Amino acid sequence: MAFWLLKSEPDVFSYADLVRVGVEPWNGVRNYQARNNLRAMREGDLCLFYHSNAKPAGVAGVARVVKAAYPDDLQFDPASPYFDPKSSQDNPRWSMVDVAPVVAFPAVLSLDTLRGLPAWTSSPLTQKGARLSVMPVTPEQFSEALQAAGVILEL
DNA sequence: GCCAACGTTGGC
DNA sequence: GCCAACGTTGGC
């Protein structure tokens with residue numbers, strides 16, 4: 001099993017929203033590095049659900065990949081802000097996965113706290129100017145985050 | 001709201 | 001293929 005971190009602005013889509021809807025297609029990713037990470041996900045992988053542009057910014061819970069990468073339908077929708085005229089049905093440029101909630105953290109594990117965890121110093125998340133919205137997380141980073149959040153999860 | 005960092009676009 | 005201009009991200 002692999003671990004990941006997904007960024008979402010809670011004003012747009014929060015962890016509570018994920019709990020409410022049950023399963024969510026993670027569409028709208030339009031960055032190649034993030035897309036490649038989406039494509040590397042496998043069903044059953046676990047994701048830290050990160051609230052960006054929030055007070056505080058941080059991890060709100062854990063989500064599970066319930067469907068591996070498939071074409072993001074918004075790229076074909078001219079009415080969508082995520083429409084990509086250069087993409088084609090034959091060779092879709094953008095992908096998405098489906099995710100479902102696993103456990104909400106009792107409180108948001110803030111970016112500030114993450115920065116204080118040993119394994120997180122090397123994460124793209126804590127680098128200056130980091131904007132990557134889908135990134136890999138090491139097993140050490142994942143377990144440190146769970147521990148700091150006070151969450152026990154059977155893997 | 002500010003602004004640094006970064007990715008993308010497009011003229012050449 | 002370079003690079004300036006521009007748009008977006010996201011912490012603060």
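All values derive from a computational prediction rather than experimental measurement. Here is how names work: the chains are called A, B, and so on, in the same order as the sequence lines, proteins then strands, and each is numbered from 1.
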- Message: Output the rounded distance in Å from NZ (A:K55) to C1' (C:dC12).
- Response: 9 Å
- Message: Output the rounded distance in Å from NE2 (A:H51) to P (C:dG11).
- Response: 12 Å
- Query: Does A:K7 put a side-chain nitrogen or oxygen below 4.0 Å from OP1 or OP2 of C:dG10?
  - Reply: yes
- Task: Between A:R131 and A:N53, name the one whose nearest nucleotide on DNA chain B is closer to the 5' end.
- Result: A:N53
- Item | Nearest-Å distance for atom pair CG/P, residues A:L5 and C:dG10 | 11 Å
- Item | A:Y15 side chain to A:V59 backbone, donor-acceptor under 3.5 Å | no
- Task: Would you indicate which nucleotide in B:dA5, B:dG7, C:dG10 comes nearest to any side-chain atom of A:N31?
- Result: B:dG7
- Task: Provide, to the nearest angstrom, the distance between the CZ atom belonging to A:F13 and the P atom belonging to C:dG10.
- Result: 17 Å
- Task: Whole angstrom is fine here: how far is it from CG in A:L132 over to P in C:dT9?
- Result: 13 Å
- Between atom OH in A:Y82 and atom P in C:dT8, what is the gap in whole Å? 11 Å
- Out of C:dG10, C:dG11, B:dA4, whichever nucleotide has its closest atom nearest the side chain of A:K128: B:dA4
- Query: So, A:R30 and A:D72, do they make that salt bridge, N to O below 4.0 Å?
  - Reply: yes
- Task: Would you kindly say whether A:S123 and A:T126 are connected by a side-chain donor-acceptor distance under 3.5 Å?
- Result: no
- Query: If you check the A:K86 side chain, which of B:dT9, B:dA5, C:dG11 turns out closest?
  - Reply: B:dT9
- Query: At under 4.0 Å between heavy atoms, what does A:R30 touch on the DNA or RNA strands: base, sugar-phosphate, or nothing?
  - Reply: nothing
- Task: For A:Q75 and A:R93, indicate whether the former's side chain and the latter's backbone hold a donor-acceptor pair under 3.5 Å.
- Result: yes
- Any A:Y32 side-chain nitrogen or oxygen under 4.0 Å from OP1 or OP2 of B:dC6: no
- A:W26 and A:D98 side chains, donor-acceptor separation under 3.5 Å: no
- A:R93 CZ to B:dG7 C1': how many Å, rounded? 14 Å
- Item | Atom-to-atom span, CH2 of A:W94 to P of B:dG7 - whole angstrom | 13 Å
